[in-house]
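Here's the structure we're looking at; comments come further down.
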Amino acid sequence: MYGWLLNYVKDEERRVIVGKWAMCLAAPHVSGSFRDFCRSTGRVRRTEERWLQNEFTRISSALIKFPRSLQEPDWARVSPMMPNSGSDLDKVRTPVAKHDLHLLMDGAKPVYDPLSPELAELVKRLEKANRRRERKRQAA
């Protein structure tokens with residue numbers, strides 16, 4: 001994205017806004033939300049969204065005016081439509097089954113047992129982890 005961003009977005013400040021908005025949209029678990037970004041940097045979110053809309057309008061107008069591909073294909077990775085060799089059906093693998101349990105008999109499949117000691121131990125471990133996480137969150 002940043003290759004064409006330098007060509008189409010001329011203002012450095014707006015490049016930051018467009019790049020951060022794209023990152024927040026693509027990976028919110030990594031970069032957080034755009035609202036948090038605006039709040040932490042002292043920006044007005046509505047103004048930033050207006051700038052984004054203006055930049056997208058400018059970029060789309062420029063792309064329509066001078067149409068060109070934003071990314072050239074990597075021709076080394078493109079396979080020919082009609083390969084010279086014959087069919088390689090012996091190289092094609094059958095798809096792996098989604099779940100291995102579909103092959104088991106009904107009596108052999110796992111059954112949910114609320115009185116199971118393993119399940120009770122798992123519940124205790126999860127509750128302990130949740131309490132620890134809650135204490136850590138309240139401390140922060």
Side-chain angles (χ1 to χ4, degrees):
M1 177 177 142
Y2 291 106
W4 65 266
L5 188 64
L6 295 173
N7 295 335
Y8 290 104
V9 182
K10 300 301 180 194
D11 184 23
E12 181 66 32
E13 179 67 20
R14 293 190 184 198
R15 272 190 213 142
V16 170
I17 300 300
V18 172
K20 187 62 177 179
W21 176 83
M23 185 64 180
C24 290
L25 192 66
H29 58 281
V30 174
S31 64
S33 69
F34 189 68
R35 178 180 299 192
D36 293 340
F37 164 72
C38 292
R39 187 180 308 129
S40 67
T41 57
R43 303 169 195 259
V44 178
R45 183 174 58 95
R46 185 65 194 124
T47 303
E48 303 305 316
E49 288 175 349
R50 218 174 21 250
W51 280 13
L52 275 172
Q53 188 63 38
N54 289 341
E55 285 305 312
F56 291 146
T57 303
R58 276 186 9 77
I59 292 169
S60 64
S61 297
L63 290 175
I64 290 171
K65 187 184 276 186
F66 302 108
R68 70 176 198 192
S69 175
L70 294 178
Q71 179 180 1
E72 294 294 326
D74 183 6
W75 295 109
R77 298 188 61 178
V78 177
S79 64
M81 293 293 290
M82 301 287 289
N84 293 333
S85 63
S87 66
D88 295 331
L89 291 178
D90 56 322
K91 295 180 183 176
V92 177
R93 289 184 8 189
T94 57
V96 179
K98 189 173 182 181
H99 301 287
D100 291 333
L101 297 178
H102 76 282
L103 298 174
L104 297 177
M105 301 298 287
D106 287 334
K109 291 182 181 180
V111 178
Y112 172 70
D113 181 17
L115 302 176
S116 168
E118 292 91 10
L119 184 61
E121 189 62 36
L122 175 65
V123 168
K124 284 181 190 177
R125 206 170 64 232
L126 291 174
E127 287 175 351
K128 183 178 177 182
N130 286 339
R131 284 193 302 271
R132 186 178 57 240
R133 209 174 294 118
E134 183 65 26
R135 281 193 306 269
K136 189 184 284 186
R137 188 180 64 80
Q138 287 176 354

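Every heavy atom of this structure was used, including side-chain atoms; hydrogens, water molecules and symmetry mates were not. These numbers were taken from a predicted model, which means no experiment stands behind them. Position 1 is the first residue of the sequence; numbering continues from there.
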inquiry  = List the residues meeting salt bridge (Lys or Arg N to Asp or Glu O under 4.0 Å) with Arg58, not counting sequence neighbours, and say none if there are none.
reply    = Glu55
query = Is there any salt bridge (Lys or Arg N to Asp or Glu O under 4.0 Å) pair reaching into residues 116-137, and which pairs are they, with sequence neighbours excluded?
reply = Glu134-Arg137
remark   = Correct closest heavy-atom pair for Cys24 and Phe34 would be SG-N, 3.6 Å
query = With sequence neighbours left out, what residues match Asp11 under side chain to side chain contact (heavy atoms under 4.5 Å, CB included)?
reply = Glu13, Arg14
For the student: nearest non-hydrogen atoms of Ile59 and Val9, plus distance = CD1-CG2, 3.7 Å
inquiry  = So, taking the atom named CD in Glu12 and the one named CD1 in Ile17, what distance separates them when rounded to the nearest 0.5 Å?
reply    = 11.0 Å
task = Using side chain to side chain donor-acceptor pair (under 3.5 Å) as the criterion, list what pairs up with Ser60, not counting sequence neighbours.
result = none
request  = Sort out for me which residue in Glu48, Arg45, Arg43 forms a side-chain contact (heavy atoms from CB on, under 4.5 Å) with Phe37.
outcome  = Arg43
request  = Only pairs at least two apart or in different chains count here, so list each side-chain hydrogen bond (donor to acceptor under 3.5 Å, both in side chains) that has a residue in residues 24-40.
outcome  = Ser33-Asp36, Asp36-Arg39
